[in-house]
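A quick write-up on the structure given underneath.
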Amino acid sequence: MTEFIKKNYFIIFIIFSGFPLFFLPNVWDGVTFDYGLIIGNLAGIETFYKEIGSPFQLLFFYLIFFIKKITFLPHEFLFDLFTIIFLILFSFEIKKYSLIVFGLDNKLGNLCAIFAITCPIWDSLVSINLGLYLFCFYLALLGYRLFLSKKLLIKIIGIIFILLSFSIKSNFSFIIGLCLAHNLRLFLNKQVIKKYSLLFIIFLSIFSYIIDINFFPPYGMFEGYNQVIFKNLDFFSLIKNVYNYLTFFIFYLWIPFLYLLFLRFKGIKLELYKLFTKEDIFNYLAILIIFATSIAPYLLINKSNDLFYFTEYMDRHSFLLPLSFGLFFAILFKKINNLYNNKKIHLIFLSLFLLQSLSIAGISYYTKIESAFFRYDLVEKLKNIEQPPGGNVQIISNHMPGYLRDYEVSYYFFKAYGKASWWGEHIRDNKIKDNHKPGEWILNRDDYKTQLVLDDYEQQCNIVIKLTNEIDKFDRIFKFYILNFKNFFNIQVLKITC
């Protein structure tokens, strides 16, 4: 094991990118899965994954439920443990791909994996279903590597993993990108291309996509979810979304530029054409293909994420970027180092690069920490007021950390009072609704009620709550909110009508 870590020392960086997950609770969609496991009823989880068109991911929850029952370990701990394992495995496959396809040595492969594992997007893994996104992307990379094997059995196992990875729809495009980039490098380097493998991967992806959209489309609550509607696409949205993804590269390029500038001031004669040799251009083209096929599915549904979007969980649209991100900067730093081989200077600029990643990741994690403290405090303050009658809750707040969705409000009332009797809504504009309640299509189905934390719901009363003594995101920093969270966002019950 020690020898393995020495050879794959990128794993050490999991301390910075993955370890914080152990201290943050499930949020966003994750609260509904948490609720199902608390009450021992997976009906809501089953309905969620069946209707969204990803039933394969249900196996993970069956496994968690089984392990929880036989070991009595908290499912939150199991969630975090599995998520961190997925992050390590995903980064390991990125390293293997860089070695096999781009011919990097072990040192550069580790650097590529380090850039991937420290890419500032992993804070979104605080929601367990996003950990399953990562698992499916790992299956795509692993499946492709096994598919390259000359042994038929290993190749078949690889195909199975690729098919399972299609549980996340963006892998239909991503797997083609992996194979296209591989064959482009083979072709441009005058090696024998794997044309039959390429044709097979393209056929497998397109055929599976046709089967998926025709026989397993999202339905029920998720009808039309993430489906491409070309009339909703426009040129300006496309440019904006591409730019958002490019920020992950643009706002890091200043470090290689500073590296070159430093070398120039040291009197080093820079032969910049060496950064763009024929082989380098081939590499950059292959990386461009991977980048394009990683973001294409999200562009088609008009979604994107940028480097500085610190709140909510939009980073899930960027989980495929670490491969092209890691490859591009690992190769670029290697080429710059070749201009003037000085290990100390090289290490300084690599450290600066990693410091930027960890700093941005730190800001993202800080927003999640604020949100976690707020949610914990909300539950504790609900316990300290008289339990309101079951019914519909509207919470007025303009500055709470993050945003509470309807089912999250229901979940935190459940955490406070031990009953799923409330349907909630977070209101920012002080416009109280007169007829706020769940639809009958929800109440008529027990699995929907479980999914949305409404098992004990009976429409009795309408409750309006306002959070007082609020502070905005800047004041939360300067007033040390995470140390004094109990002093802010107090609960005031405005009215209860039954």
Side-chain angles (χ1 to χ4, degrees), residues 13-14 16-31 33 57 79-80 82-84 86-91 94 113-138 140-141 168-171 173-174 226 240-252 290-291 294-299 301-326 328-329 354 356-372 401-403 405 408 473:
F13 285 83
I14 197 68
F16 303 103
S17 298
F19 196 63
L21 297 174
F22 277 113
F23 303 97
L24 294 170
N26 250 305
V27 290
W28 192 52
D29 285 349
V31 301
F33 307 136
Q57 295 175 53
F79 285 166
D80 296 337
F82 276 97
T83 299
I84 289 175
F86 297 159
L87 182 55
I88 293 172
L89 292 174
F90 180 68
S91 301
I94 285 178
I114 289 171
F115 287 164
I117 209 169
T118 57
C119 191
I121 58 175
W122 304 122
D123 58 290
S124 285
L125 295 176
V126 292
S127 184
I128 182 56
N129 57 311
L130 298 186
L132 293 182
Y133 278 39
L134 184 62
F135 176 61
C136 290
F137 295 143
Y138 159 69
L141 280 167
I168 297 297
K169 314 310 177 188
S170 45
N171 278 330
S173 169
F174 181 57
N226 278 348
K240 176 180 178 295
N241 288 331
V242 171
Y243 171 77
N244 286 342
Y245 283 116
L246 285 174
T247 58
F248 284 88
F249 297 83
I250 293 170
F251 291 98
Y252 278 88
I290 295 171
F291 172 76
S294 297
I295 69 173
Y298 303 101
L299 298 179
I301 56 175
N302 197 21
K303 291 183 178 180
S304 63
N305 177 57
D306 67 71
L307 178 64
F308 301 108
Y309 193 90
F310 299 127
T311 58
E312 294 301 309
Y313 310 96
M314 297 299 288
D315 284 339
R316 69 188 188 275
H317 302 315
S318 305
F319 283 179
L320 289 175
L321 280 188
L323 176 57
S324 52
F325 176 83
F328 177 76
F329 285 107
L354 293 175
Q356 173 169 313
S357 278
L358 295 176
S359 298
I360 296 172
I363 296 171
S364 299
Y365 270 118
Y366 180 82
T367 65
K368 301 301 186 293
I369 292 169
E370 277 191 343
S371 181
Y403 180 83
R405 292 154 181 82
E408 288 184 276
K473 59 184 177 182

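Residue numbers start at 1 and run along the sequence shown.
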message: Parallel, tilted or perpendicular, judged at 30° and 60°: which one describes the rings of Tyr133 and Phe137?
response: perpendicular
Which heavy atom in [X] sits nearest to a heavy atom in [Y], and how many Å separate them?
| X | Y | answer |
| --- | --- | --- |
| Asn241 | Lys303 | ND2-N, 4.0 Å |
| Ala116 | Ile94 | CB-CD1, 3.6 Å |
| Ser294 | Pro297 | O-CD, 3.9 Å |
| Ala372 | Pro25 | CB-CD, 3.6 Å |
| Lys368 | Asp123 | NZ-OD2, 2.7 Å |
| Thr118 | Ser357 | O-CB, 3.3 Å |

Quick one: pull up [atom1] in [X] and [atom2] in [Y] and give me the separation to the nearest 0.5 Å.
| X | Y | atom1 | atom2 | value |
| --- | --- | --- | --- | --- |
| Ser170 | Ile301 | OG | CD1 | 8.5 Å |
| Ile290 | Ser173 | CD1 | OG | 11.5 Å |
| Phe325 | Ile121 | CZ | CD1 | 9.0 Å |
| Ile295 | Leu321 | CD1 | CG | 7.5 Å |
| Ser364 | Tyr309 | OG | OH | 11.5 Å |
| Gln356 | Tyr252 | CD | OH | 5.0 Å |

message: If the test is side-chain contact (heavy atoms from CB on, under 4.5 Å), which one of Val126, Leu132, Leu21, Ile88 qualifies with Thr83?
response: Leu21
Kindly indicate whether the side chain of [X], heavy atoms from C-beta on, has any atom under 4.5 Å from the side chain of [Y].
| X | Y | result |
| --- | --- | --- |
| Tyr365 | Leu24 | yes |
| Phe19 | Ile14 | no |
| Phe115 | Leu354 | yes |
| Tyr243 | Ile250 | yes |
| Asn171 | Cys136 | yes |
| Asn26 | Phe33 | no |
| Tyr313 | Leu130 | yes |
| Phe90 | Ile117 | no |

message: Around atom CZ of Phe16, are there more than 12 heavy atoms from other residues, nucleotides or ligands closer than 6.0 Å?
response: no
message: Evaluate Trp122 against Leu125 for side-chain contact (heavy atoms from CB on, under 4.5 Å), listing each step before the verdict.
response: CA-CA 6 Å; Trp122 304 122; Leu125 295 176; 3.9 Å; yes
Trp28 backbone acceptor or donor facing Ser127 side chain under 3.5 Å: no
message: Ignoring hydrogens and geometry beyond distance, is a side-chain donor-acceptor pair present between Ser318 and Asn305 at under 3.5 Å?
response: yes
query: Does Glu370 have any salt bridge (Lys or Arg N to Asp or Glu O under 4.0 Å) partners at least two apart in sequence or in another chain, and if so, which?
result: Arg476
message: Applying side-chain contact (heavy atoms from CB on, under 4.5 Å) to Glu408 and Tyr403, what does each step give before you reach the verdict?
response: CA-CA 9 Å; Glu408 288 184 276; Tyr403 180 83; 5.6 Å; no
message: The test is side-chain contact (heavy atoms from CB on, under 4.5 Å); show your working for Thr367 and Lys473 and say whether it passes.
response: CA-CA 9 Å; Thr367 65; Lys473 59 184 177 182; over 6 Å; no
message: side-chain contact (heavy atoms from CB on, under 4.5 Å) for Phe23 and Asp80? Distances and angles first, verdict last.
response: CA-CA 9 Å; Phe23 303 97; Asp80 296 337; over 6 Å; no
message: What verdict does the ring pair (Phe, Tyr, Trp, His ring centres under 6.0 Å) test give for Phe86 and Phe135, after you've listed the backbone C-alpha separation in whole Å, the side-chain angles of each residue and the deciding distance to 0.1 Å?
response: CA-CA 6 Å; Phe86 297 159; Phe135 176 61; 4.7 Å; yes
message: Under 6.0 Å between ring centres: does that hold for Phe328 and Phe291?
response: no
